[in-house]
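First the structure, in the form of structure tokens, and then the observations on it.
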Amino acid sequence: MNKKIIIRTLEKIALYMELKGENPFKVSAFRKAAQALELDPRSLAEMDDVTKLKGIGKGTGDVITELMDSGKSSVLEELQAEVPKGLVPLMKLQGLGGKKIAKLYKELGIDSAEALKQACIDHTIQKLPGFGPKSEDKILQELMEFDSRPGRHPIWKTEEAVATINEVLENIKEVSEYSVAGSYRRTKDTSKDLDFIVATAEPAKVKDLLLAALPVEGTIASGTTKVSVTVEFQDPIDIDFRLVAPEEFVTALHHFTGSKDHNVKMRQLAKSQNKKISEYGVEQEDGTIRTFKSEEEFFQHFGLPFIPPSVREDGRETDRIEELPELVTIEDIKGDLHMHTTSSDGANSLKEMIDACRSKSYEYMVITDHSQYLKVANGLTPERLLAQNKEIRELNKEYKDIEIFSGTEMDILPDASLDFDDDILKQLDFVIASIHSSFQQPQEQIMERMLTAMKNPYVHMIAHPTGRIVGQRGGYDPDVEQLLDWAKEYGKIVELNASPYRLDLAVEFLEMAQEKEVPVAINTDAHAIEQLEVMAIGVRHGQKAWLKKENVVNTWPLEKLKAYLKK
DNA sequence: GCCGTTTTCGGCCCGACTGTTTTCAGTCG
């Protein structure tokens, strides 16, 4: 029995219990059991007794055992017999939770979205105790909008909204400090909504100014310290603003940066020290509230080093603090191994790209324009590539402060051949191989193409290994584990493409790469000088996988990298 | 349902907002 199926079953049981209106602690016990399994790196076969895991006891352990023995769960089956399936999607509606849905089912027999809609239209909802005319209106509204609302927003779409809001906040003089928080600050590749913390002594005034400056489409909640609105940018997106007093800024920022699991862990830790964390400060044993000047100081208060937002995820980060000093940081980056110029589809010339990298104080850089197959990107023919190679060699003599490698981003063609012959490739310093075509091929064919590149002795790196676009397309679906095994076997680097459109490899695969000791390069794939800045996003994405500096080749000094590429 | 260096019962992170109440339950993050 697959571990993932067991995890999903435990979560499903929790969901059905919620719909039954079960004790919330019992519900969360099943969620915690699912999480305990998920966070344990071992396979089920490797665990002799699951109840030894913290969070799994007799009840949840029995469910797991039954699933392993018979492939089914009588607990889930009983719940499913009792709770209509049609109630499950109702949990997604804003403002409706397990208890209210359970009540609607028990009292009115509502067992589906359609039945709920009809009950709203017939005005039977508002007669139910605990519900009223406003609830009825809201539910109906939610039901109408639900299908058209986007789920999670990819980071490349939210960036624009964040920049706009930052600008608005910057220009309100009553705002003393502000920051985006939430999953965006943690550099998740998608976000459900955006959170902003705003420090001000005049919350009411700031609230009015803020709402007046934004294209607000609707209001979800509007209190004195918390405002939730739907704002119309490219797509409508929900934004939470928390207005706090200046001294509360740091604890509020920490709280609303999350993750939820990280906060739970921190609060438990505080409790064990007889303290209490809230968004307003840390209550000491004697009842006084302590506030902080910085998050560093906040963590220090609990005897912890600064934990960067990027790794505040599953709550285990507080147990991995000894690894924090080894994490890759933006200051460690010594070069960028993937960028384009006007020779192919870039917006800036060779010299402009070089000057931009010099101003970033990089030790080295690689020019990697597209190859001839990619006609839409004006890919270079062997002749143009060799001419560029010569030009780079000349420029390299001229610039003493940076080493300019001559490279290519060569297509792996649909027929599993490579776009350049070996006698061309061997004249280059750095060869990237990547797939830009025939994504729909079956996995065996994709993998055959990858294997050709892996086996070629002149190829150094596989770029954007899965071809995904965050929140838009899945890519060409390679068997990533196999790919990483090959990379290890044939000595290839895999890329962490830092473009917010890609962030490819994804976090789980980067973890796998590090475990298999496959070196990673964090590259911007810049098509214009401004895009060199996405390196910071890539680094934070890498931190989410706990990538260590030593495993990221472009943190290495020039000589070490050169020696590695030559072998 | 799970857990225990206040250990087999009683708590489980903490607080804001809404809509319903007339003091609070439910939902959300």
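Order of the sequence lines sets the chain letters (A, B, ...), proteins ahead of strands, with each chain counted from 1.
Residue contacts shown for A:K265 are absent, as no nucleic acid heavy atom lies under 4.0 Å away. A:I13 comes within 4.0 angstrom of nothing in the nucleic acid, heavy atoms only. At a threshold of 4.0 angstrom between heavy atoms, the contacts of A:K275 with the nucleic acid are absent. Backbone-only engagement by A:S222 is indicated by non-hydrogen atom pairs under 4.0 Å involving sugar-phosphate atoms exclusively. Across all strands shown, A:L243 has no heavy atoms under 4.0 Å from either base or sugar-phosphate atoms. Nucleic acid contact class of A:F256 (heavy atoms, under 4.0 Å, all strands): none.
A heavy atom lying under 4.0 Å from DNA chain B marks the following residues of residues 97-117 of chain A, by number: A:G97, A:G98, A:K99, A:K100. DNA chain B lies under 4.0 Å from no heavy atom of any residue of residues 306-316 of chain A. Within residues 58-81 of chain A, the residues having any heavy atom under 4.0 Å from DNA chain B are, by residue number, A:K58, A:G59, A:T60. Listed by residue number, A:N23, A:F25, A:K26, A:A29, A:F30 are the residues of residues 21-38 of chain A with a heavy-atom contact under 4.0 Å to DNA chain B.
Along DNA chain B, read 5' to 3', the first and last nucleotides having any atom under 4.0 Å from a heavy atom of chain A are B:dG1 to B:dG29.
With sequence neighbours left out, the ring-ring contact (aromatic ring centres under 6.0 Å, His included) criterion links A:W546 to no other residue. A:Y16 is linked by a ring-ring contact (aromatic ring centres under 6.0 Å, His included) to nothing, counting only residues two or more places apart in sequence or in another chain. Judged as a ring-ring contact (aromatic ring centres under 6.0 Å, His included), and not counting sequence neighbours, the contacts of A:F292 are A:F298, A:H301. The side chain to side chain contact (heavy atoms under 4.5 Å, CB included) test applied to A:P89 returns no partner, not counting sequence neighbours. Taking the side chain to side chain contact (heavy atoms under 4.5 Å, CB included) definition, one finds that A:P500 meets it with A:I155, A:W156, A:E159, A:V534, A:I537, sequence neighbours left out.
To the nearest whole angstrom, the two P atoms, one in B:dC2 and one in B:dT6, are 23 Å apart. One P atom belongs to B:dT20, the other to B:dG15, and the distance between them is 26 Å to the nearest Å. B:dC13 and B:dC28 have their C1' atoms separated by 14 Å, with the value rounded to a whole Å.
Remark: of the listed residues A:K100, A:R31, A:K99, A:R31 is the sole one forming a salt bridge (charged side-chain N to carboxylate O under 4.0 Å, His left out) with A:E18.
Pairs passing the ring-ring contact (aromatic ring centres under 6.0 Å, His included) check and including a residue from residues 203-251 of chain A, sequence neighbours excluded, read A:F196-A:F241.
The local environment of NZ in A:K3 is crowded, with over 12 non-hydrogen atoms from other residues, nucleotides or ligands closer than 6.0 Å.
A donor atom on one side chain and an acceptor atom on the other are not found under 3.5 Å apart for A:T65 and A:D62.
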Can you give each donor-acceptor pair under 3.5 Å made by side-chain atoms of residues 201-211 of chain A, sequence neighbours left out, with the distance rounded to 0.1 Å?
from: A:K205; atom 1: NZ; to: A:E174; atom 2: OE2; distance (Å): 2.9
from: A:K207; atom 1: NZ; to: A:S222; atom 2: OG; distance (Å): 2.8
from: A:K207; atom 1: NZ; to: A:G223; atom 2: O; distance (Å): 3.0

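Base pairing analysis places B:dT8 opposite nothing; no Watson-Crick or G-U wobble pair with both distances below 3.5 Å involves it.
To the nearest 0.5 Å, atoms CD (A:E326) and NZ (A:K548) are separated by 5.0 Å.
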